[in-house]
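In what follows, a structure is listed as structure tokens, so that the remarks can point back to it.
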Amino acid sequence: MRRHGWNSGVPRWRLAALLGVAVVALALVLTLINTLPGDGGSTAGTSPEGDKVHGTPAVPPDDLGPDVGWGFTHTQFSADRGSDKATRRVADRLRARPMPQIQHIMGWGAGNPEPVKGRYDFDDLDRRIDFVRASGGIPVVTLCCAPDWMKGGRSGSDNTNWSMASLESAPDPEHFDDFAALAATVAKRYPDVRHFIVWNEFKGFWNDSEDRWDQEGYTELYNRVHQALKQVNEDIMVGGPYLVMDSLDPRDHDASKTLKGPWGALDRRVLDAFEYWNKHKAGADFVVVDGSSYTRDDELLPDEFAATDKFTAVGRWVRERIGDLPLWWSEYYVEPADANDDRDGWSETRRVAVHAAGLMAMARGGATSGSYWNPEKEDGSAGSDCAGCLWTPTNASGGGKALPMYGLLSRFNEEFPPGTAYESVSVADDDKPNVRVLADDEAVLVVNTLDRKISAEVDGRRFDMGAYEVKWLSR
């Protein structure tokens with residue numbers, strides 16, 4: 001005897017089958033809708049309105065020029081995310097002492113801005129620009145890196161390859177115009193951004209066959225981006241080449257015979273690349289370099305403080321070639337990193353002292369702007385244990401508190417802005433080997449380079465300094 005309703009399972013199965021077919025069909029339709037013909041990549045989460053102005057742009061100062069001063073670069077984790085209280089704490093502190101803030105368009109906290117040609121995803125970049133605006137900073141955008149489809153990868157919002165090898169690949173030459181168009185789109189979206197740096201450290205521009213930089217390829221990309229940005233707004237300021245000013249052991253066969261010192265010798269191939277770009281560039285409003293005080297083999301020659309003299313020597317070499325154009329250091333490093341790219345081998349006191357010496361050296365070399373590559377730990381449980389960070393992690397309500405590097409950088413930017421006329425001050429003869437000094441008519445920055453207490457006489461005043469102490473004097 002059959003149970004009542006046993007056959008009712010058949011029509012239910014047929015209904016389920018029909019619903020399943022409908023779901024599959026709908027998914028197929030959505031896939032087709034979200035895929036542009038010929039590109040083969042999903043456009044889910046993207047928009048064709050990339051150049052639509054985002055938010056409420058800040059009004060650039062009337063006197064805004066190509067010099068921006070001393071600031072920092074946002075990296076993977078920054079104060080745009082986390083506890084509301086912590087992020088506000090950072091924004092309020094920055095607003096009290098505004099600094100330039102640099103953000104890349106892809107990587108270092110920003111997603112793929114154009115996963116498919118003509119389809120954009122600026123969510124991350126929007127959030128970073130919003131933070132710069134809210135904190136009163138001067139926004140600077142580094143035009144790096146390139147979407148996958150511009151460099152031989154797959155198109156699509158779900159196909160971004162975030163490996164270092166992929167991220168640091170340059171656009172293929174046939175896509176230089178596409179990258180320039182993306183730069184123009186970014187400029188239209190954020191009309192208050194007036195400073196753009198073209199690319200980052202010549203990433204992907206290496207000529208394997210000739211064992212040198214592909215300065216021709218980079219310069220071609222630079223010139224096309226420069227033209228595209230100037231067409232958007234003539235007031236936009238563009239800079240490059242963002243070359244890493246690597247130094248070597250002077251005995252290395254690639255070491256420069258002319259630009260060298262106790263700190264080592266510049267890689268001649270870097271100098272050749274700079275000379276080529278400088279001669280063939282379409283134009284520039286400022287010039288950008290980066291580098292470390294230590295050699296490519298992580299040697300601090302002759303010591304960590306004297307090694308910073310490299311920044312002065314390189315700056316003077318560059319300034320001899322660029323005339324009146326401002327010089328920026330887009331990144332600078334004074335402490336070698338470990339295998340994980342962490343720099344936590346020094347005490348914070350020592351780190352701040354050597355960074356202060358580095359900032360002094362850049363200023364002496366004629367730089368008017370520099371950007372600190374700011375680390376921030378994702379794990380809020382780390383508390384204040386964040387080597388070299390400007391503030392404590394913001395993912396906890398108690399985060400966002402200023403750390404010693406923030407105090408140095410913000411004060412340096414405030415005391416020595418672009419246009420500063422530096423002055424010589426007296427230092428007692430027996431103190432000269434032990435201190436580093438930079439001064440203008442209102443302030444004197446003094447650094448004790450020794451890991452012990454000293455008594456120093458600077459600018460006619462004698463005072464005690466602790467080990468690696470950084471001291472500000474008013475004049």
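- Going from atom CG of D290 over to atom CD of E201 covers 4.0 Å, rounded to the nearest 0.5 Å.
- Between W317 and L271 the shortest side-chain heavy-atom distance falls below 4.5 Å.
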Apply the test side-chain contact (heavy atoms from CB on, under 4.5 Å) to residues F286 and V68: give CA-CA distance (whole Å), side-chain angles for both, the deciding distance (0.1 Å), then the verdict.
-> CA-CA 10 Å; F286 55 93; V68 294; over 6 Å; no

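- By the 4.0 Å N-to-carboxylate-O rule, R436 lies close enough to D309 to be salt-bridged with it.
- For R224 and D177, the salt-bridge test passes: some basic side-chain N is under 4.0 Å from an acidic carboxylate O.
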Start with the C-alpha distance between V132 and H74, add both sets of side-chain angles, then the distance that settles side-chain contact (heavy atoms from CB on, under 4.5 Å), and finish with yes or no.
-> CA-CA 10 Å; V132 178; H74 290 278; 4.1 Å; yes

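- Between D130 and D80 there is no side-chain heavy-atom pair separated by less than 4.5 Å.
- In this structure, the side chain of K310 does not engage the main chain of A307 through any donor-acceptor pair within 3.5 Å.
- More than 12 heavy atoms of other residues, nucleotides or ligands lie within 6.0 Å of CD in E320, so this atom counts as buried by the packing criterion.
- In plain terms, the two heavy atoms of A110 and W162 that are nearest each other are O-CH2, 3.6 Å.
- A pairwise comparison of heavy atoms in P147 and N112 identifies CB-OD1, 3.5 Å as the closest pair.
- Under the side chain to side chain contact (heavy atoms under 4.5 Å, CB included) rule, V437 has a single partner from D459, L445, V446, which is V446.
- Taking the ring centroids of H226 and W277, they lie at or beyond the 6.0 Å cut-off.
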Report the C-alpha distance between F196 and V186 in whole Å, list the side-chain angles of each, state the deciding distance to 0.1 Å, and finish with yes or no for side-chain contact (heavy atoms from CB on, under 4.5 Å).
-> CA-CA 10 Å; F196 287 86; V186 172; 4.0 Å; yes

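- In this structure, V287 and R321 have side chains that are not in contact, with every pair of non-hydrogen atoms separated by 4.5 Å or more.
- With sequence neighbours left out, the side chain to side chain donor-acceptor pair (under 3.5 Å) criterion links Q231 to no other residue.
- Within a 6.0 Å radius of CZ in R81, other residues, nucleotides and ligands contribute 12 heavy atoms or fewer.
- At least one test fails for R93 against the ring of W391: distance under 6.0 Å to the centre or angle within 45° of the axis.
- Across H104 and C144, no two heavy atoms sit closer than the pair CB-O, 3.3 Å.
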Do I105 and L125 pass the side-chain contact (heavy atoms from CB on, under 4.5 Å) test, and can you show the C-alpha distance, the side-chain angles, and the key distance before you say yes or no?
-> CA-CA 7 Å; I105 63 170; L125 194 53; 4.1 Å; yes

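- Between D451 and R350 there is no side-chain heavy-atom pair separated by less than 4.5 Å.
- Here the two rings, on Y406 and F72, have centers that are 6.0 Å apart or farther.
- Between the T46 side chain and the Y120 main chain, no donor and acceptor come within less than 3.5 Å of each other.
- Under the 30°/60° scheme for interplanar angles, the aromatic rings of W328 and H195 are found to be tilted.
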Going through the checks in order, is the ring-ring contact (aromatic ring centres under 6.0 Å, His included) test met by W70 and H355?
-> CA-CA 13 Å; W70 309 89; H355 271 281; over 10 Å; no

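- Scanning both residues, P191 and P57, for their nearest heavy atoms gives CG-CG, 3.7 Å.
- Taken to the nearest 0.5 Å, the CZ atom of R364 stands 11.0 Å off from the CG atom of L359.
- Checking side-chain atoms of T185 against main-chain N and O of A181 turns up a donor-acceptor pair under 3.5 Å.
- The six-membered or imidazole ring of W213 lies away from that of Y218, with a centre-to-centre distance of 6.0 Å or more.
- Residues P98 and N413 come closest through the heavy atom pair O-ND2, 3.1 Å.
- A distance-only check finds no donor-acceptor pair linking the side chain of D235 to the backbone of R194 [under 3.5 Å].
- Counting only distance, with no hydrogens or angles, the side chain of S157 and the backbone of A44 share a donor-acceptor pair below 3.5 Å.
- At a threshold of 4.5 Å between non-hydrogen side-chain atoms, the residues V334 and F305 do not count as touching.
- For the pair F202/V270, no side-chain contact is recorded, criterion being any heavy-atom separation below 4.5 Å from C-beta on.
- Formation of a donor-acceptor pair under 3.5 Å by the R351 side chain with backbone atoms of R343 is found in this model.
- Side-chain N or O atoms of W472 include none that pairs as donor or acceptor with a backbone N or O of F412 at under 3.5 Å.
- Side-chain contact between D178 and E114 is absent, with no heavy-atom pair separated by less than 4.5 Å.
- The residues D246 and R269 are annotated as not salt-bridged, no charged nitrogen and carboxylate oxygen being separated by less than 4.0 angstrom.
- Annotation: K401, atom NZ; neighbour count of heavy atoms from other residues, nucleotides and ligands within 6.0 Å does not exceed 12.
- Side-chain N or O atoms of T142 include none that pairs as donor or acceptor with a backbone N or O of Q103 at under 3.5 Å.
- In this model, no donor atom of one side chain and acceptor atom of the other lie less than 3.5 Å apart for H280 and N223.
- A side-chain donor-acceptor contact under 3.5 Å links D285 to the backbone of V238.
- Within the 4.5 Å cutoff, the side chain of S293 has no heavy atoms near those of the W263 side chain.
- Closest approach of G82 and T87 over heavy atoms only: N-CG2, 4.0 Å.
- Side-chain N or O atoms of E335 include one that pairs as donor or acceptor with a backbone N or O of W346 at under 3.5 Å.
- Here T308 contributes atom OG1 and Y332 contributes atom OH; the two are 11.5 Å apart, rounded to the nearest 0.5 Å.
- In this structure, CZ in R97 is found 10.5 Å from CG in L409, a value given to the nearest 0.5 Å.
- With no hydrogens or angles considered, no side-chain donor-acceptor pair links T73 and E331 at under 3.5 Å.
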